Amino acid sequence: MSRQVIRLPAEVNRILYVRNLPYKITSEEMYDIFGKFGAIRQIRKGTHGDKKGTAFVVYEDIYDVKYAFDNLSGFNVAGRYLIVLYYQPQKMQERQDLEFQRKQIEKLREQQRQQQQ
């Protein structure tokens, strides 16, 4: 079956969001693992705080992304099982917005507690 005939789900794009990576994984190791499934344009690893152990992997071809997703979800790397997701910018923004709102509410509660004392 030709790749152009395969119908891909709507959430598929050229970017994978990977979680549960070993903290000490190198860029070269990531290119070795993810490069087996197609040409990679870029890999961005999270390095600080809650971003550590995550990465964005950008492929040249959308069909390569699907192939990598199908084969690397649950793949064991240094005793850790990868969580591979399609990058969905609107969900990421919603999560950031919720976190910002939560912090704002906590700040207001703290101000109110100080005023009551």
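Every value quoted in this text rests on a predicted model; they were computed, and no experiment measured them.
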Exercise. Determine whether Val58 and Ile43 make a side-chain contact, defined as any pair of heavy atoms from C-beta on separated by less than 4.5 Å.
Key: no
Practice problem: Would you give the length of the straight line joining atom CD of Gln104 to atom CZ of Arg102, rounded to the nearest 0.5 angstrom? | Solution: 11.0 Å
Quiz item: Roughly how far, to the nearest 0.5 Å, is CG of Asp61 from CZ of Arg41?
Solution: 10.5 Å
Quiz item: Ignoring hydrogens and geometry, is there a side-chain-to-backbone donor-acceptor pair from Asn13 to Tyr87 under 3.5 Å?
Solution: yes
Quiz item: Looking at Phe37, Tyr59, Phe34, which one forms a ring-ring contact (aromatic ring centres under 6.0 Å, His included) with Tyr67?
Solution: Phe37
Quiz prompt | Validation row: Leu16, Phe69 side chains within 4.5 angstrom (heavy atoms) | solution = yes
Exercise. Could you tell me whether Arg113 and Glu110 make a salt bridge, using a distance below 4.0 angstrom between a side-chain N and a carboxylate O?
Key: yes
Quiz prompt | Residues, nucleotides or ligands: over 12 heavy atoms within 6.0 Å of Tyr81 OH | solution = no
Quiz item: Quick one: does Lys45's side chain have a donor or acceptor within less than 3.5 Å of a partner on Ile25's backbone?
Solution: yes
Quiz item: Quick check: does any side chain N or O of Arg14 sit under 3.5 Å from a backbone N or O of Glu60, one acting as donor and the other as acceptor?
Solution: yes
Quiz item: Does the pair Tyr86 and Val65 meet the rule for a side chain to side chain contact (heavy atoms under 4.5 Å, CB included), with working shown?
Solution: CA-CA 8 Å; Tyr86 295 112; Val65 173; 3.8 Å; yes
Exercise. Mind running side chain to side chain contact (heavy atoms under 4.5 Å, CB included) on Ile33 and Val77 for me, showing each step along the way?
Key: CA-CA 9 Å; Ile33 293 167; Val77 177; 3.9 Å; yes
Quiz item: Quick one: does Glu29's side chain have a donor or acceptor within less than 3.5 Å of a partner on Thr26's backbone?
Solution: yes
Quiz item: Can you name the nearest heavy-atom pair linking Leu72 to Leu82, along with the distance?
Solution: O-CB, 3.8 Å
Quiz item: Please walk me through it: do Lys66 and Asp70 pass salt bridge (charged side-chain N to carboxylate O under 4.0 Å, His left out)?
Solution: CA-CA 6 Å; Lys66 173 85 168 94; Asp70 290 344; 2.9 Å; yes
Quiz item: Rounded to the nearest 0.5 Å, what separation is found between the CD1 atom of Ile105 and the CD atom of Gln101?
Solution: 6.5 Å
Quiz prompt | Lys24 side, atom NZ; Lys52 side, atom NZ - distance, nearest 0.5 Å | solution = 8.5 Å
Quiz item: Got a second to check how far Gln111's CD is from Glu106's CD, nearest 0.5 Å?
Solution: 11.0 Å
Quiz item: Does Arg80 make a cation-pi contact with Tyr23, if we ask for NZ or CZ under 6.0 Å from the ring centre and within 45° of the axis?
Solution: yes
Quiz item: Is there side-chain contact between Thr54 and Leu21, with at least one heavy-atom pair below 4.5 Å?
Solution: no
